[in-house]
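Inspection log for the structure reproduced underneath, given as structure tokens.
When reading the values below, keep in mind they use all heavy atoms of this one structure, side chains included, and skip hydrogens, waters and symmetry mates.
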Amino acid sequence: MKVLLLKDPKTKDLASDPYVKELSSYGLQATLIPVLSFKFVSLDHFFDKLSHPESYAGLIFTSPRAVEAVKLCLQTPDHKEAWNDRLCAKWNSKPVYVVGKATASLVEEIGLSSEGEGSGNAEKLAECICSKGLSYSAPILFPCGSLKREVLPKKLQEKKVPLETITVYQTAPHPAVQDSLMNYFTKEGVPASVVFFSPSGVKYCLKFLKDLPNDQLNQIKFGAIGPTTAEAMAEEGIPVSCTALNPTPQDLAIGIKQADMQ
């Protein structure tokens, strides 16, 4: 059973990608097509903020790219030295909130401890932060992408949790996404399932999918990595057959198999 995953590979060797491996163990033949490209911006300004942990009540990372922005900042020897000598320890004395295991793992690589990884999406993370009932004398720093959704900022604002956002990457369609989709459908035929991994991915693949003949489109069951992506799909009229319980390879594989039996 063929499954098309609309996401970047986690590793250079496609066969060792955790999603490809996990789906394979369930008898699913997965192919990855990257649909997004990222450009990092304002990194000097971002590191200025990271250099003053005393000005913030904590950090929020809702995507792996935001953590990659920190890693890029730390490629400068002076920045790396400052981070290792004092900044990392100071940030570790404050809460560092994350969404998902992939983001939590990257946060660990830069020396930070995190909480909230099981929240699964930004809305649930906001609920987790608000439930702590802390009083704030400084904002939480939130590095994010240009297409961030307003769910988390809005929810925190409602609960009077101060937040300072900084855009550290811009999201655009991958330059080869339309050609890659065309090649896949030409060579592999129609997959049993297509899985979206972000609202941006829905936006950038929509035209290709809507141009498919109805008899092909109706053969496909569409899945989502989480509720935010499922919501974006529903808004565009894409029927959602399954949503992973958590954004992990195992939960996605289980969701796809269950949807296939319906």
Side-chain angles (χ1 to χ4, degrees), residues 40-74 79-80 82-169 198-199 225-231 244-248 251:
F40 290 93
V41 295
S42 306
L43 293 184
D44 288 342
H45 185 37
F46 181 34
F47 192 74
D48 284 345
K49 294 180 181 297
L50 289 174
S51 299
H52 293 93
E54 69 281 358
S55 299
Y56 299 98
L59 271 166
I60 296 175
F61 294 105
T62 58
S63 75
R65 262 80 50 196
V67 191
E68 286 167 21
V70 179
K71 286 186 165 187
L72 287 172
C73 289
L74 300 184
H79 292 177
K80 179 83 170 170
W83 181 262
N84 290 338
D85 287 352
R86 57 186 178 84
L87 296 176
C88 183
K90 286 186 177 180
W91 281 112
N92 258 335
S93 69
K94 304 167 186 287
V96 178
Y97 302 105
V98 300
V99 170
K101 287 186 178 179
T103 305
S105 177
L106 286 172
V107 164
E108 193 178 329
E109 287 177 16
I110 58 173
L112 297 177
S113 302
S114 65
E115 55 187 283
E117 72 172 73
S119 52
N121 61 55
E123 185 174 8
K124 287 183 181 173
L125 181 64
E127 290 170 3
C128 167
I129 294 169
C130 295
S131 71
K132 298 185 81 170
L134 301 176
S135 56
Y136 294 88
S137 57
I140 302 175
L141 183 60
F142 178 31
C144 55
S146 55
L147 297 181
K148 79 173 190 309
R149 291 166 72 89
E150 292 302 319
V151 174
L152 185 139
K154 189 177 174 186
K155 201 141 194 130
L156 294 185
Q157 186 181 23
E158 285 170 1
K159 297 292 185 181
K160 296 187 168 45
V161 177
L163 190 69
E164 184 176 314
T165 62
I166 175 170
T167 300
V168 294
Y169 65 92
S198 70
I225 193 60
T228 307
T229 303
E231 189 180 308
L245 196 59
N246 294 293
T248 65
D251 282 315

Distance-only, no hydrogens or angles: does the [X] side chain make a donor-acceptor pair with backbone N or O of [Y] under 3.5 Å?
X	Y	value
W83	I110	yes
N246	D251	no
S131	C128	yes
N121	E123	yes

Which residues share a salt bridge (charged side-chain N to carboxylate O under 4.0 Å, His left out) with K132, sequence neighbours left out: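 Salt bridge (charged side-chain N to carboxylate O under 4.0 Å, His left out) check on K132 returns E115.
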Heavy atoms, side chains only, cut-off 4.5 Å: are [X] and [Y] in contact?
X	Y	value
L74	F47	yes
Y169	S146	no
T103	V67	yes
L59	V107	no

Member of L125, V99, V161 meeting the side-chain contact (heavy atoms from CB on, under 4.5 Å) criterion with L152: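 Only one of L125, V99, V161 forms a side-chain contact (heavy atoms from CB on, under 4.5 Å) with L152, namely L125.
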For [X] against [Y], the heavy-atom pair lying closest together:
X	Y	result
H79	C73	ND1-O, 3.0 Å
A138	A57	O-CB, 3.4 Å
S113	N92	N-OD1, 2.8 Å
P139	S55	CD-O, 3.7 Å
G58	W91	O-CZ3, 3.6 Å

Side chain to side chain contact (heavy atoms under 4.5 Å, CB included) between L112 and V70, intermediate numbers included: CA-CA 11 Å; L112 297 177; V70 179; over 6 Å; no
Listed once per pair and sorted, the salt bridge (charged side-chain N to carboxylate O under 4.0 Å, His left out) pairs that draw on residues 85-109, sequence neighbours left out: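 Qualifying pairs, neighbours excluded: K71-E109.
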Pairwise distance [atom1]([X]) to [atom2]([Y]) - rounded to 0.5 angstrom:
X	Y	atom1	atom2	answer
S93	E54	OG	CD	10.5 Å
S114	I60	OG	CD1	12.5 Å
L163	L156	CG	CG	5.5 Å
I166	K49	CD1	NZ	5.5 Å
S119	Y97	OG	OH	11.0 Å
F46	T167	CZ	OG1	11.0 Å

For F40, all residues meeting ring pair (Phe, Tyr, Trp, His ring centres under 6.0 Å), sequence neighbours excluded: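 Checked F40 against ring pair (Phe, Tyr, Trp, His ring centres under 6.0 Å); zero matches.
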